[in-house]
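Notes to accompany the following structure.
All chains are named by letter (A, B, ...) in the order of the sequence lines, taking the proteins before the strands, and each is independently numbered beginning at 1.
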There are 2 protein chains.
Amino acid sequence: MTANSWQAVRAEVLRRIRAREWPPGEPIPHEADLALELGCARATVNRALREVAESGLIERRRRAGSRVALHPVRKATLDIPVIRVEIESRGEAYDFSLITREETTPPPSIRARFKAPDARLLHVTGLHLADGQPHALEDRWIDAQAVPDTLTTDFTRISPNEWLVLSVPFEGGDIAFSATTASATEAQALTCPEGAPLFVTDRTTWRGERTLTSVRLLFAPGYRLHTRL
Amino acid sequence: MTANSWQAVRAEVLRRIRAREWPPGEPIPHEADLALELGCARATVNRALREVAESGLIERRRRAGSRVALHPVRKATLDIPVIRVEIESRGEAYDFSLITREETTPPPSIRARFKAPDARLLHVTGLHLADGQPHALEDRWIDAQAVPDTLTTDFTRISPNEWLVLSVPFEGGDIAFSATTASATEAQALTCPEGAPLFVTDRTTWRGERTLTSVRLLFAPGYRLHTRL
DNA sequence: CTCCCAAATATGTTCATACTTATTACCATA
DNA sequence: TATGGTAATAAGTATGAACATATTTGGGAG
């Protein structure tokens with residue numbers, strides 16, 4: 001970060017944007033000009049501007065040049081760790097308790113997430129505990145044909161959450177966050193009042209054309225997902 | 001993306017990780033060796049590995065080399081647009097309705113977020129509408145000393161959300177997502193039943209040592225925050 | 001045997017240069 | 001006046017070489 005590091009260039013660019021020396025919507029100087037002005041190589045300016053663009057503050061297009069974003073869409077990065085790691089990193093004891101495990105016909109809403117109509121689905125539910133307290137209720141469906149060893153794995157020893165992350169390479173996924181209220185059975189599992197507000201994450205991961213697994217996590221009341229920008 | 005682009009190198013690295021040619025926890029070849037093997041410059045390998053590391057799949061340390069992450073902490077990127085833009089990009093008509101606006105003494109929980117004890121805080125609440133339907137209830141506090149023109153801006157013409165993004169440069173912020181249930185007044189504003197589950201985002205943004213604004217957004221039932229990984 | 005310092009080393013960064021590619025602007029043609 | 005092709009341009013990428021920096025390793029001093 002001494003004189004002409006890319007971080008220094010980025011800092012200077014951010015300063016000019018914040019100071020309105022480069023107002024929103026206006027084009028900024030070309031990479032080559034900036035390199036000349038700041039006394040560094042164009043590659044260094046490129047690296048810096050690329051980072052700024054990734055944060056959403058400037059927009060870049062070939063030939064057209066770079067301009068300060070008019071409506072900056074801020075990008076926040078969420079860390080999505082394995083639940084056991086998340087709990088243990090807070091210094092709490094982790095435990096998992098399997099509730100149900102059955103190979104069964106899924107409701108249409110679940111079925112729709114698995115494009116393969118022949119998929120044999122395993123349904124697993126369980127509770128993640130932190131220091132003995134309920135932390136999250138996991139409700140998961142796994143495509144047993146797409147995921148080897150699904151039917152022979154003992155989920156009382158390892159949570160499906162962790163087992164899948166360790167043993168099944170995936171290519172991508174969708175995540176959605178929402179809110180719901182605890183049903184009677186959910187309230188009992190999470191030891192909270194019926195109707196309590198619960199934070200929900202729904203995640204579906206796939207490899208190639210095949211959906212591997214789809215999971216709903218209900219977090220105990222008070223859970224907050226936190227990040228910075 | 002032809003032969004030896006950094007994207008091609010990244011694809012090959014991802015393939016080897018997924019195929020378990022490079023198992024979790026194991027070190028991977030050095031940049032120089034990979035460059036030689038794949039027939040490209042070390043800088044190209046560096047670029048590719050840096051991207052893979054940013055996604056959380058490998059861990060890199062100087063002198064120690066790179067290794068496949070044992071517990072990959074997946075990184076998901078959230079887009080946080082101005083609410084008006086979010087709604088209009090879905091093709092819906094946006095409107096904002098100011099509910100209250102007063103300079104008043106904040107409760108201690110809010111006060112704690114503004115480090116400056118002398119801060120004069122403006123409290124603004126309003127409703128964001130999509131196609132006439134309630135979308136989100138905004139409850140915001142603004143430090144009038146840190147943010148110029150706070151007291152003279154007409155928030156019936158522009159929402160504080162958008163005004164702040166456009167006119168106040170900030171350096172960073174905290175965001176937390178959680179769930180709550182609608183109180184009586186919240187239910188009335190959002191035209192939903194009392195006790196309905198609401199998705200909440202709490203955001204505090206700052207510049208230097210000064211907290212600029214702190215906002216709580218209550219989204220109408222059914223709202224989902226969506227991303228991919 | 002333990003502790004600390006120095007050498008070795010892998011990643012991190014900068015640079016000049018050259019080439020690639022998307023996009024715009026301009027001009028000629030219909 | 002439209003339209004389509006083409007040249008100009010700015011970002012994107014690749015490369016080899018050099019230097020910077022964080023860690024580890026190993027050896028020497030105590």
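Aromatic ring orientation, A:H135 versus A:Y223: perpendicular (interplanar angle above 60°, classes split at 30° and 60°). The aromatic rings of A:W163 and A:F155 stand perpendicular to each other, their planes meeting at an angle above 60°, with 30° marking the opposite boundary.
Surrounding CD of A:E21 are more than 12 heavy atoms belonging to other residues, nucleotides or ligands, all under 6.0 Å away.
Defining each end axis of the helix from C:dC1-D:dG30 to C:dA30-D:dT1 as the rotation carrying four pairs' C1' atoms onto the next four, with five pairs an end, the two axes are found to diverge by 10° to 10 degrees.
Listed pair B:T44 / D:dT15 meets the phosphate criterion, a side-chain N or O lying under 4.0 Å from OP1 or OP2. An OP1 or OP2 oxygen of D:dT13 is reached within less than 4.0 angstrom by a side-chain nitrogen or oxygen of B:R47.
For A:E92, the side-chain hydrogen bond (donor to acceptor under 3.5 Å, both in side chains) partners at least two apart in sequence or on another chain are A:R90.
Classification of A:E31 and A:R42 as a salt-bridged pair holds, one side-chain N sitting under 4.0 Å from a carboxylate O.
With C:dC15, D:dT15, D:dT13 as the candidates, the nucleotide lying closest to the side chain of B:A43 is D:dT15.
Residue A:L36 contributes atom CG, which lies 14 Å from atom C1' of C:dC15 at whole-angstrom precision. Atoms CD (B:E59) and P (D:dT23) sit 13 Å apart, rounded to a whole Å. As rounded to whole Å, 14 Å separates atom C1' of C:dT14 from atom CG of A:L38.
B:L212 approaches B:V168 most closely through the heavy-atom pair CD1-CG1, 3.8 Å. Pairing each heavy atom of B:L229 with each of A:I80, the nearest pair is CD2-CD1, 4.1 Å.
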>> Could you walk me through whether B:R84 and B:E162 satisfy the salt bridge (Lys or Arg N to Asp or Glu O under 4.0 Å) test, starting with their C-alpha distance in whole Å, then the side-chain angles of each, then the deciding distance to 0.1 Å, before giving a yes or no?
In response: CA-CA 8 Å; B:R84 179 178 66 75; B:E162 182 158 8; 2.7 Å; yes
> How would nucleotides 3-12 of chain D be written as a contact map, 5' to 3', with B for base contact, S for sugar-phosphate-only contact and - for no contact, using protein heavy atoms under 4.0 Å?
Replying inline: -----BBBBB
